[in-house]
Peer 1: 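Could you have a look at this structure, given as structure tokens, before my questions?
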Amino acid sequence: MSIDSIFVHKMWNDYELSKMVKGGIPFPMLSDAGGRVGTIYGVYDEDAGVETRGRFIIDPDGVIQGYEVLTPPVGRNVLETIRQIQAFQHVRKSKGTEATPSGWKPGKATLKPGPNLVGKVWEVWKTEQAFD
Amino acid sequence: MPEELKVGCARPTGGVVGEEPTKEESTEEVSTKEKEVKAMIKVGRKAPDFIAPAYYKGKFVNVKLSEYLGKWVLLCFYPGDFTFV
């Protein structure tokens, strides 16, 4: 979503993005003229008249599980966003019985929060796991 | 799922679902409203619903966020077309 019109979106997709992504952009390119939606989401910069790099993960119940907002010069880490979605999906599937510690990615151990885990995280999770 | 738009010469716009039409307000009322708006975005809270025109697979459509209930949604904002994302 940006403040550009759908006509500009079409030009960008058809003449540039489709050369980078085969078949063009596979998801809707949303237009937010005037930044009304961006204002509600806290990402509209009124002085510049544009939206900052905001990214919101919304679950199947319509609940915001996470967000990240960057100023324009720095791009996002798409793999980290995908990792977060995988983690939220895993936690949701476990119906809250599992939690994903720092550095978790699919295949790595989760934590099972409860009275038995209090003061015992150091036994089941090592600091290096945040960085591997 | 999104409804196709009939596009004329005017640039279509969308907006926040359930937002009241803009009217003359005193400064005090505006500041209260701004506070409410800012408080809306929190993790663990509902994402504000909106309708927005979109370009999608060669067509112009209207997208409503709440039509995607039951699916995971990644909503991304960016400064402008022809920049990196």
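Protein chains get the first letters and strands the later ones, always in sequence-line order, with residue 1 at the start of each.
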Peer 1: Go through the steps to decide whether B/I41 and A/F56 satisfy the test side-chain contact (heavy atoms from CB on, under 4.5 Å), and finish with yes or no.
Peer 2: CA-CA 10 Å; B/I41 294 295; A/F56 298 81; 3.9 Å; yes
Peer 1: Please assess A/I58 against B/W72 for the test side-chain contact (heavy atoms from CB on, under 4.5 Å), listing each intermediate value before the final yes or no.
Peer 2: CA-CA 6 Å; A/I58 303 169; B/W72 287 86; over 6 Å; no
Peer 1: Rounded to the nearest 0.5 Å, what's the gap from NZ on B/K42 to CD1 on A/I64? Could you check?
Peer 2: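 It comes to 11.5 Å.
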Peer 1: Hey, could you give me the OH/CE distance between B/Y55 and A/M11, rounded to the nearest 0.5 Å?
Peer 2: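 Answer for the OH-CE pair, B/Y55 versus A/M11, is 8.0 Å.
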Peer 1: Could you check whether atom NZ of A/K120 has more than 12 heavy atoms from other residues, nucleotides or ligands sitting under 6.0 Å from it?
Peer 2: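 Incorrect, the count does not exceed 12.
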Peer 1: Can you tell which part of B/K46 gets under 4.5 Å to a heavy atom of chain A, answering side chain, backbone, both or neither?
Peer 2: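 Its backbone and side chain both get close to chain A.
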Peer 1: Report which part of B/F50 has an atom under 4.5 Å of a heavy atom belonging to chain A: side chain, backbone, both, or neither.
Peer 2: side chain
Peer 1: Side chains of B/L65 and A/V37: does their closest heavy-atom pair fall under 4.5 Å?
Peer 2: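 No, every pair of side-chain atoms sits at 4.5 Å or beyond.
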Peer 1: If you apply the rule side-chain contact (heavy atoms from CB on, under 4.5 Å), what do you find for A/T39 with B/V16, and how did you get there?
Peer 2: CA-CA 10 Å; A/T39 300; B/V16 178; over 6 Å; no
Peer 1: Show the numbers, then the answer: is there a side-chain contact (heavy atoms from CB on, under 4.5 Å) between A/Q84 and B/L74?
Peer 2: CA-CA 11 Å; A/Q84 286 182 20; B/L74 188 68; over 6 Å; no
Peer 1: Could you tell me if the side chain of A/F27 sits less than 4.5 Å from the side chain of B/C76, heavy atoms only?
Peer 2: no
Peer 1: Does A/K126 have more than 12 heavy atoms from other residues, nucleotides or ligands lying within 6.0 Å of its NZ?
Peer 2: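 Result for NZ/A/K126: enclosed.
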